[in-house]
Amino acid sequence: VEHQINKSARADLQSEAVAFTANYSTDAAEVYYNSSLAAWNYQTGISEENLNAMNAENVKSAAFTKMYGEQAKAEFPDTSKLEESERRQIDSIKILGTANLNEADLNQYNDLTGGMEATYSTATVTMPDGRVLNLDPDLTALMATSRDYNELKYAWKGWYEAAGRPIRDDYESFVTLSNKASVADGFADTGEYWRSWYEMNGQLEATVDALWAELQPLYTELHAYVRRKLYEKYGSNYINLKAPIPAHLLGNMWAQQWGNIYDLVEPYSGKTGVDATPAMQSQGYDAMKMFKTSEEFFVSLGLDKMTDEFWANTMFVKPTDRDVVCHASAWDFYNKVDFRIKMCTVVNMEDLITIHHEMGHIQYYQQYKDQPIPFRGGANPGFHEAVGDTLALSVSTPKHLNKIGLLDEVEEDDEADINYLLSQAMDKIAFLPFGLMIDKWRWSVFSGDTPKAKYQEKWDQLRKDLQGITPPVERDGTTDFDPGAKYHVPANTPYIRYFVSFVVQFQFYQSMCNASGHQGPLYKCDFYQSKEAGAKLQKMLELGSSKPWQFAMNEITGSADMSTLALQEYFSPLTAWLKQKNLENGDTPGWTDMDWRP
Ligand SMILES: C[C@H](N[C@H](C(=O)O)[C@@H]1CCCN1C(=O)[C@@H](N)CC(=O)O)C(=O)N1CCC[C@H]1C(=O)O
Ligand SMILES: [Zn+2]
């Protein structure tokens, strides 16, 4: 009898859980739509009025989250007997996040995050000649194209002071409130909450450290080769062949990807280029053409085209009449049809790649749009970052660019291949320590290991140890706040997801290449128009976060683990070449003169 009672009680609980989660998804869709739209309106029209409207919507969605979260905790204290789907949904609904905060704290939290994002998005630098430069497109273009050591240094210093310094105190207040919310959910701090999304029983940091240990030798070889080339360009006053590289010379404001200085490092001149920018500009490409080109690649794999709402509501270029958050982003409005990208597009190869990155998010949103709301996310956040980049690996091949008319002709020889692999490494290998260090810094701040007095010192130490990069000018730990000058810190977007993405995207690419029947070196694979490759990806995308990511990984690659083997196979010809070159140049990879300054 007792067994029967337990059985029927379990059946009742399961059916209650099905009803509860169904109601949640119905109600949440509307609440999330309203708060997403208010955030969109603020980011595409920065003003006090729109900030207040966004914060008002956020207060409403927090009340909704709190109401359902407390109901879930009251009605389903033990979810272990529920079916997997309801268990995972209810466990997720129980986490309130900032909805744990009382109204005063929540308003302060929202004002702090809205304000920090506005500071970042409106900061400018006044150059010695009086030019007032914004980040996007002005300083981005300057950092990419200037080869004047002092002009680069002035722009670098100006940006970090204009964007980072003003939010140093606000950031400390934000950390306190963020941790207060995470502790209320039972986490030690916000860092532990963020790491929990990877469902690795506290092993995420150990896992990414192990992945980095496998890839660090390749990074160090690339670093040594690039340092030698910068030495030849800027001379021994500014480059020390046994020391970290000054941070402002890598073609990017954060030295996170080095593709913009490819011209300084090109191994074999006279080969067909790897940069589609000249062809895009000479063929009169505009933002719309770039977006259509990207959509066509996705559709060629049998994946979804963009919706009418996408084309109607996307912000393609920077408006001239108002302040906006230019940093590119993709948006899900949770109503199965309204998906948008917000981007201040510039016609060049870098933005063509970014468009594929953002379209990857949109494709994922569309593929899991019929999942319940709690499952409308990546299998883990790194998977969401990897979708667009995986396709971009195929698009970037000289063979593909030639096929779509963006590269005149393709040489099939080892030297052209090395040129291509080096240009890819300047974006993919260069990024790895940067992708690791942002949240290494942030996790140490949330845990309390790094108090405000050490914010700058910890950042500089990670930049030096992991990236082998040194600031071009002295930093003052009592006023400088360089982390605040990188979008994801004021915007409060976690970052380890990009490190994870830069590893798993090569696993996805390899798997899709195999599905497409590709033969030959991995880096030559273009799975354009392969429905088999598309089907492989789609099977993973439509799951959303309904299953643990290990299950989704197995779906697409046949193994459940993150692995650097695909990335190492992709770059293997370059790895050997870099080692040989560094030997010939008499350069020792690594940086031991840790106290050297330019
Ligand atoms: C250019 C890109 N913008 C982000 C992204 O697309 O990830 C934006 C801003 C932060 C989150 N975001 C989103 O769009 C999310 N809504 C997507 C989602 O989670 O659904 C970006 O920041 N990148 C790309 C390479 C490395 C990194 C960088 O540039 O440092
Ligand atoms: Zn992304």
Side-chain angles (χ1 to χ4, degrees), residues 32 35-36 39-40 43-44 113 116-117 120-121 135-137 140 143-144 163 194 197 250-260 294 310 314-315 324-334 338-346 348 350-369 371 373 375-393 426-439 441-442 467 483 485-505 541 544-545:
Y32 282 13
S35 57
S36 298
W40 171 271
Q43 292 210 13
T44 58
T113 51
M116 290 195 290
E117 181 129 37
Y120 180 91
S121 299
L135 176 67
D136 195 337
T140 302
M143 297 305 289
W194 287 3
W197 299 328
L250 282 310
N252 173 279
M253 186 59 85
W254 306 277
Q256 72 181 65
Q257 291 173 288
W258 305 346
N260 290 317
S294 178
F310 174 86
T314 283
M315 186 189 97
V324 298
V325 175
C326 260
H327 190 94
S329 56
W331 296 64
D332 185 353
F333 286 81
Y334 296 97
D338 196 345
F339 308 101
R340 307 178 193 185
I341 289 173
K342 173 189 61 54
M343 187 165 168
C344 300
T345 307
V346 171
N348 62 33
E350 187 174 5
D351 271 16
L352 183 63
I353 298 298
T354 299
I355 286 166
H356 282 80
H357 179 92
E358 301 308 336
M359 278 261 187
H361 288 305
I362 303 291
Q363 189 63 224
Y364 216 158
Y365 300 151
Q366 293 189 202
Q367 291 295 336
Y368 60 52
K369 69 183 186 323
Q371 288 283 354
I373 295 279
F375 294 158
R376 297 210 198 153
N380 74 41
F383 278 47
H384 227 301
E385 298 310 332
V387 179
D389 287 14
T390 299
L391 271 66
L393 286 171
M426 295 289 273
D427 283 335
K428 299 295 180 183
I429 303 298
F431 181 82
L432 293 168
F434 185 80
L436 186 61
M437 62 157 277
I438 302 277
D439 281 352
W441 179 84
R442 251 186 313 204
Q467 272 190 295
K486 171 62 192 172
Y487 178 79
H488 297 65
V489 173
N492 193 37
T493 304
Y495 210 84
I496 200 67
R497 59 185 61 180
Y498 300 105
F499 177 86
V500 168
S501 160
F502 275 54
V503 172
V504 302
Q505 65 186 246
L541 297 179
S545 55

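When reading the values below, keep in mind they use all heavy atoms of this one structure, side chains included, and skip hydrogens, waters and symmetry mates. Note that the structure is predicted; figures quoted are calculated from it, not measured. We count ligands from 1, going down the list as the structure has it; atoms in each ligand are counted the same way.
In this structure, Y364 has its ring center closer than 6.0 angstrom to the ring center of Y368. Checked against the 6.0 Å centroid criterion, the rings of H384 and Y365 qualify as a close aromatic pair. The ring of H488 has its center closer than 6.0 angstrom to the ring center of Y498.
With hydrogens and angles disregarded, no donor-acceptor distance shorter than 3.5 Å links the side chain of H357 to the backbone of I353. The closest donor-acceptor contact from the side chain of Q467 to the backbone of A255 lies under 3.5 Å. Side chain of K369 to main chain of R376: no donor-acceptor pair is present (N/O by atom type, distance under 3.5 Å, no hydrogens or angles).
Annotation: Q257 places no N or O atom under 3.5 Å from an N or O atom of ligand 1; distance criterion only. Between H357 and ligand 1, at least one N/O pair is under 3.5 Å apart. Close N/O approach between S329 and ligand 1 is not found [any backbone or side-chain N/O within under 3.5 Å].
Under 2.8 Å from the Zn ion (ligand 2) lies an N/O/S atom of H357, whether from backbone or side chain. Taking 2.8 Å as the criterion, E385 counts as a coordinating residue of the Zn ion (ligand 2), since one of its N, O or S atoms falls below it.
Close approach of ligand 1 to Q256 is summarised as follows: ligand atoms under 4.0 Å from at least one heavy atom of the residue are 28 (C), 29 (O), 30 (O). Each of the following atoms of ligand 1 lies closer than 4.0 Å to a heavy atom of A328: 1 (C), 2 (C), 3 (N), 4 (C), 8 (C), 9 (C). Counting the atoms of ligand 1 from 1 in the order shown, those under 4.0 Å from a heavy atom of K486 are 28 (C), 29 (O), 30 (O). Interface atoms of ligand 1 facing E358, defined by a heavy-atom separation under 4.0 Å, are 1 (C), 2 (C), 3 (N), 5 (C), 6 (O), 14 (O). Set against the non-hydrogen atoms of H361, the atoms of ligand 1 under 4.0 Å away are 5 (C), 6 (O), 7 (O), 17 (C), 18 (C), 20 (O).
Taking the Zn ion (ligand 2) as reference, H361 places its N/O/S atom NE2 nearest.
In the candidate list Y498, Y487, F499, W331, Y498 is nearest to atom 4 (C) of ligand 1, counting heavy atoms. With atom 11 (C) of ligand 1 as the reference point, the heavy atom nearest to it among T493, N492, D389 is part of T493.
The shortest separation from a heavy atom of Y365 to ligand 1 is under 4.0 Å, placing the residue in contact. For A491, the closest heavy-atom approach to ligand 1 does not fall below 4.0 Å.
Of all protein heavy atoms, the one lying nearest to atom 22 (O) of ligand 1 is H327 NE2, 2.7 Å. Scanning all protein heavy atoms for the shortest distance to atom 14 (O) of ligand 1 gives A330 N, 2.8 Å.
Annotation for G259 and D427: closest pair N-OD1, 3.2 Å, computed over non-hydrogen atoms. When all heavy atoms of V324 and T44 are compared, the pair lying nearest together is CG1-O, 3.4 Å.
Considering CD of E358 and CD of Q363, their distance stands at 14.0 Å, rounded to 0.5 Å. Taken from NE2 in H356 to OG1 in T390, the straight-line distance is 12.0 Å, to the nearest 0.5 Å.
A 4.5 Å side-chain heavy-atom check between K428 and Q505 finds at least one atom pair inside the cut-off.
Contacts with ligand 1 closer than 4.0 Å are made by side-chain heavy atoms of Y495 only, the backbone lying farther away.
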